[in-house]
Amino acid sequence: MARTKTKGVFKIVSKESGKEFFGASSQIEVCFRDYIKWLNNGKHTNKELQSEFDKYGKDNLELVILEELPDADRKTLNQVKKSYEQPEA
């Protein structure tokens with residue numbers, strides 16, 4: 001069975017605190033797997049996400065795919081990600 005490779009924008013939600021961490025990738029599932037690997041090793045560059053992981057554990061983090069963009073280039077992915085990061089007015 002082939003692994004899923006979803007291209008688009010995602011967020012990781014801390015179920016315990018409700019904090020949200022946004023990302024964009026051409027392979028969301030692979031990206032999330034790598035995030036967990038870095039978090040397990042205490043080496044994720046997002047210190048706030050690392051803190052949530054250290055405090056509450058892996059099972060606290062939920063991957064939510066916000067938008068699938070199969071034809072988007074990297075610039076478009078980042079633009080769409082930024083639109084999700086902006087607080088609503």
Side-chain angles (χ1 to χ4, degrees):
M1 175 164 46
R3 290 187 182 200
T4 303
K5 294 182 181 176
T6 306
K7 184 180 206 178
V9 178
F10 64 93
K11 69 179 175 180
I12 298 171
V13 179
S14 169
K15 293 183 243 181
E16 191 68 33
S17 71
K19 291 182 181 176
E20 299 176 326
F21 305 90
F22 294 90
S25 177
S26 60
Q27 297 182 31
I28 293 173
E29 295 82 3
V30 172
C31 182
F32 185 67
R33 182 197 67 212
D34 289 345
Y35 276 24
I36 296 300
K37 179 175 66 174
W38 297 329
L39 290 163
N40 274 324
N41 291 324
K43 301 210 184 245
H44 199 282
T45 57
N46 184 319
K47 300 303 177 198
E48 195 171 359
L49 178 58
Q50 184 70 57
S51 177
E52 289 291 308
F53 180 86
D54 293 344
K55 188 171 184 179
Y56 302 115
K58 174 184 155 195
D59 291 337
N60 172 59
L61 300 179
E62 178 182 11
L63 174 65
V64 178
I65 297 174
L66 298 170
E67 194 167 338
E68 292 186 33
L69 301 162
D71 299 321
D73 60 14
R74 175 49 89 194
K75 182 179 177 182
T76 302
L77 286 172
N78 284 321
Q79 287 172 336
V80 174
K81 178 186 107 165
K82 285 182 183 188
S83 74
Y84 280 101
E85 292 174 326
Q86 301 299 321
E88 292 187 27

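What's counted below: heavy atoms across the whole structure, side chains too, no hydrogens, waters or symmetry copies.
Heavy atoms only, all atoms of each residue included: Glu68 and Thr6 are closest at CG-CG2, 3.5 Å. Of all the heavy atoms in Gly8 and Leu77, the pair that sits closest is CA-CD2, 3.7 Å. The nearest pair of heavy atoms linking Trp38 to Gln50 is O-OE1, 3.9 Å. Shortest non-hydrogen contact noted between Asn46 and Phe21 is ND2-CD2, 3.7 Å.
The CG atom of Asn60 sits 10.5 Å away from atom NZ of Lys55, with the distance rounded to the nearest 0.5 Å. Here the CG-NZ distance, from Asp54 to Lys47, works out to 10.0 Å after rounding to the nearest 0.5 Å. Between Gln86 atom CD and Lys81 atom NZ the span is 11.0 Å, to the nearest 0.5 Å. To the nearest 0.5 Å, the span separating CD on Glu52 from NE2 on His44 amounts to 13.0 Å. The distance from the OG atom of Ser25 to the CG atom of Leu69 is 11.5 Å, given to the nearest 0.5 Å. Interatomic distance, Ile12 CD1 to Ile36 CD1, rounded to the nearest 0.5 Å: 6.5 Å.
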Checklist line | Verdict with supporting geometry, Glu20 and Lys11, salt bridge (charged side-chain N to carboxylate O under 4.0 Å, His left out) | finding: CA-CA 6 Å; Glu20 299 176 326; Lys11 69 179 175 180; 2.7 Å; yes
Checklist line | side chain to side chain contact (heavy atoms under 4.5 Å, CB included) evaluation trace for Glu16 with Asp59 | finding: CA-CA 10 Å; Glu16 191 68 33; Asp59 291 337; over 6 Å; no
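Linking ILVMFWY side-chain heavy atoms closer than 4.5 Å, directly or via other members, places Ile65 and Tyr84 in two distinct hydrophobic clusters. Phe22 is not connected to Leu63 by any chain of hydrophobic side-chain contacts under 4.5 Å among Ile, Leu, Val, Met, Phe, Trp and Tyr, and they are in different clusters.
Side-chain N/O atoms of Asp73 and Thr76 include a donor and acceptor closer than 3.5 Å.
Panel note: side chain Arg74, backbone Ser26; no donor-acceptor pair is recorded below 3.5 Å. Remark: side-chain polar atoms of Lys5 are not paired, donor with acceptor, to backbone N or O of Val30 under 3.5 angstrom.
In this structure the side chain of Lys58 never reaches within 4.5 angstrom of the side chain of Leu39, judged on heavy atoms. Leu49 is not listed as a side-chain neighbour of Phe53, based on a closest heavy-atom distance of 4.5 Å or more.
The aromatic rings of Phe10 and Tyr35 sit perpendicular to each other, their planes meeting at more than 60°, with 30° as the lower class boundary.
Around the NZ atom of Lys82, the shell of radius 6.0 Å holds no more than 12 heavy atoms that belong to other residues, nucleotides or ligands.
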